[in-house]
Amino acid sequence: MGGRLRSTFFITDADPPYRPEMVLWVELPGEVPVAAAILDRNPAPRSLSRTLLDGFAKPVAGPPRRPRRIRVADEGDAAEVRAAVGPAIEVVVAPTPELAAVVEAMAEDMGGEAETSYFEDGRISPDLVADLFAAGRVLHAAAPWKHAGDQQTLRMDIPALGVEGACVSIIGALGQSRGLIVFPSRKAFDAFLEAAEAGPRSEEPADLGTTMLSLTLDRADELPPSLRREALRHGWPVAGPDAYPRVEHRDRDGVPRPLTERDVRIARACALAVAAFTGSHGRIFSAGGFEPVSVTYTGDDEVAVRLTAPYEAAEQFEPDPQRALPPVEHPGPRPPATAPAAMVAERAVGAPAPGQPRPSRNAPCWCGSGRKYKRCHLAADRAAGEGRDAQPAPIHTVDERLVRRMARFATARFSRGWLNDAERHFMDAEAAAQLFLPWAVYHLPVDGRKVVDWFLAEEGRRLSPEERSWLEAQRSTWLGVWEVLEVAPGSGLEVRDLLTGVERRVAEVGGSRVLVARDAVLGRVVDHDGLSVFAGVHPRPLAPDDAAEVVRAVRGRVRRRREIPVERLREPAVERYLIARWEEGVVAMDARHSLPPILRNTDGDELLFTTDHFAFDPAARGEVEAALASVEDLEGPDGDDGGEFYTFVRAEGATARMPGNTILGRVRVTAAGLALETNSLARADRLRKRLEAACGDLLAHRAREHTSPGALAESAAEDVEDPEEPPPSPEAERALAEWLQHYYAAWVDQGVPALGGTTPRQASRTREGRERLDVLLKEMENRQPGGRAGASRTWGGSGPNWGWRTERRAIALGAPRKDLVRRLGSARFADHHRLDSRRRGLSRAKLAPVPAAPWARAEREEAGSVSLGQVREWYNRHALVQGVAHTPGIKNGQMV
């Protein structure tokens, strides 16, 4: 068997690298190569038959020999071979997939796959790779995949790089790989689509229909380890852990080509131009029809990129005046040329003085009125700074450049050892790169001084006034545990350091889209020129309970019960201890979340949804229903369900853990039989005995089936994410709000496992209990469904907004403020946990008893006019909620 084929390896010592063509003959059945010829880039003619005859005479292994039968894939090759070997050997035409396997084995024997590098054996310069990372940050900020689908293509021309008529596809709209793919032409793009629709053919080599160049933003865990190490070693900043830029150039059969400098320059220029085009013309991707657009952008390397939409409209335009691209180090719109380098918008008249952060919400206002800042100038300052906060602070550009510069300085002065010493304090320095490198240059002592201090002493004269000002601000910061108090999506965060008690409003666009209230982050907040910004944050936030453990450990280390002085937190030993405890908290949180919680009902039984099926004579249905009517605590149908359901109810006051009525199970009666539904084996056994005692021989037990809580939870989650689900009606939301108000008014007097079995009201009477209650309430706020991925910050994502920022303790404690002060005996605590007057009468609300709350999402209520009874019935139809007391909290691995 034999044929001509391209190798799967490249000759890389040529410029540019190339894939040689091969002529290969293999002896079957062992797939042993007997003759091969690797053709040079400009080969002299070498026939298939000539290589075959050489193999007959001098095979690679064994004595000279001739086969009885020869197989080739092409009729033309077959005619050539028949003419060479004569009629004595049969020549057949059929697929030859074995050849590809032999070539792959040859490539492995020749040394295998080399370690991936951004530098491509020196063909790519470090400066160009740094420019690629900067372009990746610009592309990430512009997020063109939010505007365009992968088939809404652009034409791209880059004359300086020999690109004419390329077709650019923006990928990422489906939430998978994000980035750009550059095809040689629109025809090549169409060929790729046809190949994708046809799908792979097992008998033939892979065929993408075209070659392609791509720039994708990959997650750190998807990136080859060698590339992650290079990014960390050289200090190339990224926009996030899911935004590492990677360029690939693939041949038509999917084999990756070694990259050249031209490939990377094309990818970089394309990224910058598409980002700029999206900012100016992104609306055209969602428009049903639009005027053709053609714009030429010029980067700082003087390379002009022309983008045209739609692709076919290029001939309508003459080359337009070139527009300069923004500097690649800055991912957002440029400030006016007259503005200070650290500002994006003019400062509001009367705002806090430059260099000073905004006061915390409860601090006296800066204007001297004597009122609290939140009741005086907070709203005005926010409005005045909206344009500034809505964009990434340009000072991040200065910081990234200085961090890289200081890292290079330290490596040159102290050798690689200083960085190795820093890495020892992190479990995975690569994974924590967002915090690791800033901490290493701003905090880690090297030969008795921090790197930033060495740098200022020896290189300070070469710094601009702006750079010196920024480094001085950096020297005064500390590593803190910052709890998110309030989120302004797309703008910033209100945060408080749980260790020092300091509050800041941080201009943080990216974090404001992924963090929610009560998340805690380990990071550094820098106050500079009236702005507070994060400058080094651990990539993994912690939940409130995990963060509380870290705070307790650090306070124990420094022997402080309350606020810790900033000077103590700047001590190297304390910083290292804080990092170690945080990373241990991340490991513990991941381990806990990898295990399903143990769910129990109000009787303490482990949840297992159980259904017992009974049969009865259809003629005796009336007798069965009469017998059911005699069963104590079994309520008859209420008419809303068609007369099929009976409900076992435990009367009010039957349990101290859940005041009010608790549903123990349901009985469904149909013409086909009777089914008893409960949520534990113990309840199933008890209720089955009561039914059989009441009905006697009328019922015959047929089967028992079980469903795990996990299976129902997965089903409920799938239902909640259904995009076709209509939103709840205002009536449904009001009914749900009424139900939740009643529930939380009663919750304060229920025993909660996370509080050691005490009630929230009891826990609030001691200092330790208040701390545990505070963490529990933060957990409830932090974990409310729908709070992440940009969902509405309401209960269930679309239900009534509970205003946890100021009202959560009123809901939990359910008492007027004066009573709360008396009970807690601490004016300081009462002031810190101030109640909102709108909730003061909550504990006295007279609402009808309802079953315990579910941990299924409430927004699943059907649309239309509803009553509280219908909400209750909706919960009843979901077996998940039968008899489950919703006391949010986890203790010893158990959630109740």
query: Salt bridge or not for K778 and D774, using N-O below 4.0 Å?
result: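 Salt bridge: yes.
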query: Is R518 salt-bridged to E483, cutoff N-O under 4.0 Å?
result: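 Salt bridge flag = yes for E483 with R518.
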Taking all non-hydrogen atoms of both residues, which atom of [X] and which atom of [Y] are closest, and how far apart?
| X | Y | result |
| --- | --- | --- |
| M589 | L542 | CE-CD2, 3.8 Å |
| G536 | L435 | O-CD1, 3.6 Å |
| R562 | R555 | O-NE, 3.5 Å |

Can you name the side-chain hydrogen bond (donor to acceptor under 3.5 Å, both in side chains) partners of [X], sequence neighbours left out?
| X | result |
| --- | --- |
| Q474 | D399, R524 |
| W582 | none |
| R475 | D453, E472 |
| R424 | D421 |

Residues two or more places apart in sequence or in another chain: which of them pass side chain to side chain contact (heavy atoms under 4.5 Å, CB included) with [X]?
| X | result |
| --- | --- |
| P572 | P445, R576 |
| A220 | R228, Y244 |
| A440 | W418, A422 |
| E549 | R552 |

query: Does the side chain of D527 reach to within under 4.5 Å of the side chain of V525, using non-hydrogen atoms?
result: yes
- prompt: So do V550 and Y577 actually touch side chain to side chain, heavy atoms under 4.5 Å?
  reply: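 Result no, sub-4.5 Å side-chain heavy-atom pair not found.
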By salt bridge (charged side-chain N to carboxylate O under 4.0 Å, His left out), which residues pair with [X], not counting sequence neighbours?
| X | result |
| --- | --- |
| E606 | none |
| R767 | E771 |
| D546 | R592 |

- prompt: Taking only residues two or more places apart in sequence or in another chain, which ones pass ring-ring contact (aromatic ring centres under 6.0 Å, His included) with F426?
  reply: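 Listed in chain order: F436, W439.
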